[in-house]
There are 2 protein chains.
Amino acid sequence: MPVPKGSTLDPDRTRAAILRCAEGILYERGLDGVGIAELCAEAGISKETLYRHFGSKDGLIRTILEARSDRVTRWLTRAAAEAGDDPAAQLAAVFDALRDWFGEPGFRGCAIVNAATQHHRAPASAIAAAHLGRYLDLFTGIATRAGAEDPAALGRRLLLLLEGATVVADHLGRPDAADDARDAALALLRSAARRPADNQGMSP
Amino acid sequence: MPVPKGSTLDPDRTRAAILRCAEGILYERGLDGVGIAELCAEAGISKETLYRHFGSKDGLIRTILEARSDRVTRWLTRAAAEAGDDPAAQLAAVFDALRDWFGEPGFRGCAIVNAATQHHRAPASAIAAAHLGRYLDLFTGIATRAGAEDPAALGRRLLLLLEGATVVADHLGRPDAADDARDAALALLRSAARRPADNQGMSP
DNA sequence: GTGACATCGAACCGATCGGTTCCATCTAAG
DNA sequence: CTTAGATGGAACCGATCGGTTCGATGTCAC
């Protein structure tokens, strides 16, 4: 029961408590797998309070997803930044961070992509698209600093590895998909940074 | 109304008609986005008929997903086989086929992976895992024939590209994610087939 | 014609859904 | 002490859900 009776604490704190509690349950059980009533019971609040803060279940979901996109983006960006100046090291750091995430007990894929998959028309789709765009910016930045011939193209390919690793880690239960993605990403980085043409060998 | 009154045609045909109709609607609207009643109405059958054939909504979904996994696997395997003997050409053919799929009007991601994302505990999860395993076999076969040093590892990385491309094509609305995946796959194939160590350049 | 079978259409079941409303209660500010 | 605001608890709403049952209707094999 995170929220006492009356207005013991300011509404902002109530709001934050609802978000923190609902995020976990919705992620674990799916957007349609849990009702408003259970969400409120688990958070120790009444339905009226929830609706005063978020207006609707969709409003609650939107708020949760936007906050999560911000948090995840900051987390990965910082992981890259803390790896130093070498673009390859930054790239490796991103996938190493992902691997930690994939290995956590409750891992169940990307909450934002999952939400968009479940509610395809709803605002979740737009949030997911923006979220992937942020990933793209991160990877394109690394590709640019690595001196890739076509940083945008390399960024897009790195994004494929991230999303693919997330899906495989989830549905195959293989957190080490992040390791495969990391190795593949470094290989792509090497071949893209090499030179204009994409053949880098001395084959017949 | 695909199914007339009485038993005009044999039950097998009725069953097939239900499957064909329900598959499209469930894919488009999501497993929880459409009820049994609407499914029956759209297929022009009664609820009793549906339940006699499939037992439950989950039974219907399971049947649909398993059939779809078979069909998709055969489709991609044939695309690879028809590309000739060159492993690189086979790989390119797979992603070219995917691109056609991504570009279709109703594309909404992989139905099987989507189903597993929506019903995480249900049999959909097992079907999705098996489905990814089939992809893995396809890619590992290509990697083996290409003479990769570690065909299993290369197969896993190619799978990441396929799944990543599917997610990105869906949520970013970019069918050309398949082209990025194709180029990345060919680059990975080249660098993996080159030689034991994974550094194939002449950097400092 | 007769019986076995498949089907439709509709009513029905209990449960749950998202959302609304009302009121007693508690706290903090004046 | 009083008042304003935030809250919990519970009742309530109409709709929909997955699933069951039953009788009428139709076709087919014999």
Side-chain angles (χ1 to χ4, degrees), chain A residues 1-23 25-26 28-65 115 118-119 121-124, chain B residues 1-23 25-26 28-65 115 118-119 121-124:
Chain A
M1 321 81 194
V3 181
K5 271 292 186 78
S7 62
T8 305
L9 292 178
D10 62 318
D12 291 356
R13 233 170 274 258
T14 301
R15 182 185 166 96
I18 300 171
L19 286 177
R20 181 165 18 92
C21 178
E23 176 173 3
I25 302 179
L26 287 171
E28 179 189 346
R29 311 245 304 267
L31 302 187
D32 297 331
V34 51
I36 290 288
E38 185 179 352
L39 236 34
C40 291
E42 212 69 28
I45 62 160
S46 67
K47 298 175 81 174
E48 183 171 352
T49 300
L50 188 146
Y51 276 93
R52 187 161 14 84
H53 277 292
F54 302 102
S56 68
K57 189 182 186 183
D58 266 350
L60 171 65
I61 291 173
R62 221 184 52 243
T63 305
I64 288 175
L65 293 181
Q118 293 167 50
H119 289 182
R121 328 187 91 93
Chain B
M1 318 85 193
V3 182
K5 270 291 185 80
S7 63
T8 304
L9 292 179
D10 64 319
D12 290 357
R13 233 169 274 257
T14 301
R15 182 185 165 97
I18 300 171
L19 285 176
R20 181 164 19 93
C21 179
E23 177 173 0
I25 302 179
L26 287 171
E28 178 188 347
R29 310 246 303 267
L31 302 187
D32 297 330
V34 52
I36 289 288
E38 184 180 353
L39 236 33
C40 292
E42 212 68 30
I45 62 161
S46 67
K47 298 174 82 172
E48 184 173 352
T49 299
L50 187 146
Y51 275 94
R52 187 160 16 83
H53 278 291
F54 303 101
S56 68
K57 190 182 187 182
D58 266 350
L60 172 65
I61 291 172
R62 219 183 53 243
T63 305
I64 289 175
L65 293 181
Q118 292 166 51
H119 289 181
R121 332 185 87 92

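Being a predicted model, the structure only gives us computed values, none of them experimental. Order of the sequence lines sets the chain letters (A, B, ...), proteins ahead of strands, with each chain counted from 1. Note: hydrogens, waters and symmetry copies are ignored here, and every other heavy atom, side chains too, is used.
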Under 4.0 Å: is that the gap between some side-chain N or O of [X] and OP1 or OP2 of [N]?
X	N	answer
Arg52(A)	dT7(D)	yes
Thr14(A)	dT7(D)	yes
Ser46(A)	dG9(D)	no
His53(B)	dT7(C)	yes

* Asked: To the nearest 0.5 Å, what is the distance between CD1 (Ile18(A)) and OG1 (Thr63(A))?
  -> 10.5 Å
* Given Lys57(A), Gln118(A), His119(A), the one that forms side chain to side chain donor-acceptor pair (under 3.5 Å) with Asp32(A) -> His119(A)
* Asked: Does Lys47(A) get its side chain close enough to the base of dG19(C), under 3.5 Å, for a donor-acceptor pair?
  -> yes
* To do: Using five pairs at either end of the helix from dG1(C)-dC30(D) to dG30(C)-dC1(D), determine the angle between the two local helix axes and round it to 10 degrees.
  => 10°
How many Å lie between [atom1] on [X] and [atom2] on [N], as a whole number?
X	N	atom1	atom2	result
Leu50(A)	dG19(C)	CG	C1'	11 Å
Ile36(B)	dA10(C)	CD1	P	18 Å
His119(A)	dG18(C)	NE2	C1'	12 Å

* From the list dG8(D), dT7(D), dT7(C), which nucleotide is the closest neighbour of the side chain of Ile45(A)? -> dG8(D)
* State which of dG18(D), dG19(C), dG8(D) makes the closest approach to the side chain of Glu48(A). => dG8(D)
* **Partners meeting side chain to side chain contact (heavy atoms under 4.5 Å, CB included) with Arg29(B) (sequence neighbours left out)** => Ile25(B), Val34(B), Glu38(B)
